[in-house]
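Since this is a predicted model, take the numbers as computed values, not measurements. To find a chain, count down the sequence lines: A is the first, B the second, and so on, and within it residues start at 1.
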2 protein chains.
Amino acid sequence: MEPADGAVPSARAQRGAPPRTAFLLAQLGADAADRFADRIAALGLTPREAGAIRVLGRRQGLSQRELAELLGTVPSRLVALVDELETKGYVLRERSEGDRRNNVLTLAPGGERMLAQLREVAQAHQRDLLSPLAPDEQQTLAALLAKLAAASDLTPDGHPGFRR
Amino acid sequence: MEPADGAVPSARAQRGAPPRTAFLLAQLGADAADRFADRIAALGLTPREAGAIRVLGRRQGLSQRELAELLGTVPSRLVALVDELETKGYVLRERSEGDRRNNVLTLAPGGERMLAQLREVAQAHQRDLLSPLAPDEQQTLAALLAKLAAASDLTPDGHPGFRR
DNA sequence: TATTGTTATACTCTATAACTATA
DNA sequence: TATAGTTATAGAGTATAACAATA
């Protein structure tokens with residue numbers, strides 16, 4: 001009862017997934033996050049820092065509260081994070097002119113360069129991660145994961161396993 | 001090679017997965033782990049406790065060092081964990097007669113009952129998690145994840161996202 | 001001397017809530 | 001009074017290494 005290798009013998013298409021599939025998903029997801037964390041550690045970044053840079057690359061001018069919301073964290077935790085990114089030259093933090101209580105966060109030139117490096121690292125990471133699968137299998141997996149994500153209420157920017 | 005439902009236009013089968021697939025895997029895996037943690041919290045268990053019970057259900061008589069190894073953690077962290085499981089009546093901790101330095105860990109009757117409950121919870125969890133997918137899609141996903149897991153060096157008992 | 005379980009210490013995270021400055 | 005950012009404090013979690021018992 002375990003050919004399950006070639007995938008989807010249509011005879012038992014009714015059955016759904018074998019018992020440990022949700023466990024596997026969690027295990028592989030955590031492993032993927034760990035491996036990505038290792039890669040960006042070589043760039044001197046934590047997963048959270050990388051996440052902040054990635055978000056700011058798409059939406060410049062956020063306030064710290066807005067960024068905290070998008071990252072799924074709390075404003076007070078952003079202080080040290082932005083401090084660090086600022087001293088590293090990746091992020092600019094300026095007082096808003098309209099409402100001087102707000103900070104306006106933008107990517108510094110160094111942040112843009114780091115973002116480009118991050119994209120390359122992410123690409124290499126994904127290539128290695130999915131290399132056991134053939135290209136068409138990779139596309140199938142991507143489509144199925146996208147379907148699951150669409151059905152859940154995960155935000156595109158939201159934290160993945162950014163707990164490290 | 002079947003068009004796996006709505007996905008995989010075979011014209012671009014060469015291309016592999018779209019850019020954010022590894023990110024999605026990490027995000028969905030973390031979400032799955034969180035949701036499972038919520039469910040077993042209703043049973044009064046942490047993910048780590050559930051993992052220990054699950055492992056002991058398959059391999060009775062482990063020492064604390066062996067269990068630590070299987071769970072991917074450190075012996076000193078097992079002390080409080082086993083203390084808790086013992087007082088809850090799920091695990092028995094006895095001195096080994098052969099080598100009195102070792103503890104022999106087994107599931108108490110209450111632990112067997114809890115294991116049965118855990119299996120039901122895991123089943124419901126997976127059913128809900130994968131419900132956005134049709135049964136044949138679920139099987140396809142399971143096969144692809146299994147292929148990835150086989151290619152990596154993840155142990156069957158190893159910690160998934162058991163960090164909570 | 002080496003190993004198992006245990007304990008103790010220090011260190012890192014995190015959450016929570018005060019505090020300031022603006023509005 | 002309310003809000004954005006900051007700071008402070010306390011709490012949980014973890015790693016590391018010292019320790020006692022046994023081999």
Query raised in the report: For the side chain of A:Arg35 and the backbone of A:His125, is there at least one donor-acceptor N/O pair under 3.5 Å apart?
Result: no
Spacing of [X] atom [atom1] relative to [N] atom [atom2], expressed in whole Å:
X	N	atom1	atom2	result
B:Arg93	C:dT4	CZ	P	16 Å
A:Arg95	D:dG5	CZ	C1'	6 Å
A:Glu94	C:dT22	CD	P	16 Å
A:Glu97	C:dT22	CD	C1'	15 Å
A:Asn103	D:dT6	CG	P	5 Å
B:Arg65	C:dT6	CZ	P	11 Å
B:Asn102	C:dT6	CG	P	11 Å

Query raised in the report: Taking NZ, NE, NH1 and NH2 as the nitrogens, is one of them in A:Glu137 or B:Lys147 under 4.0 Å from a carboxylate oxygen of the other?
Result: yes
Query raised in the report: Counting only side-chain N and O atoms of A:Arg48, is one of them less than 4.0 Å from OP1 or OP2 of C:dT14?
Result: yes
Query raised in the report: Below 4.0 angstrom from OP1 or OP2 of C:dT7, is there any side-chain N or O of B:Arg77?
Result: no
Requested in this report: Test for a donor-acceptor pair under 3.5 Å between the base of C:dT16 and the side chain of A:Ser76, counting only N and O atoms.
Outcome: yes
Query raised in the report: Is there a donor on the side chain of A:Arg101 or the base of D:dT3 sitting less than 3.5 Å from an acceptor on the other?
Result: yes
Report task. Give B:Arg100 one of three labels, base, sugar-phosphate or nothing, depending on what nucleic acid heavy atoms sit under 4.0 Å from its own. Result -> sugar-phosphate
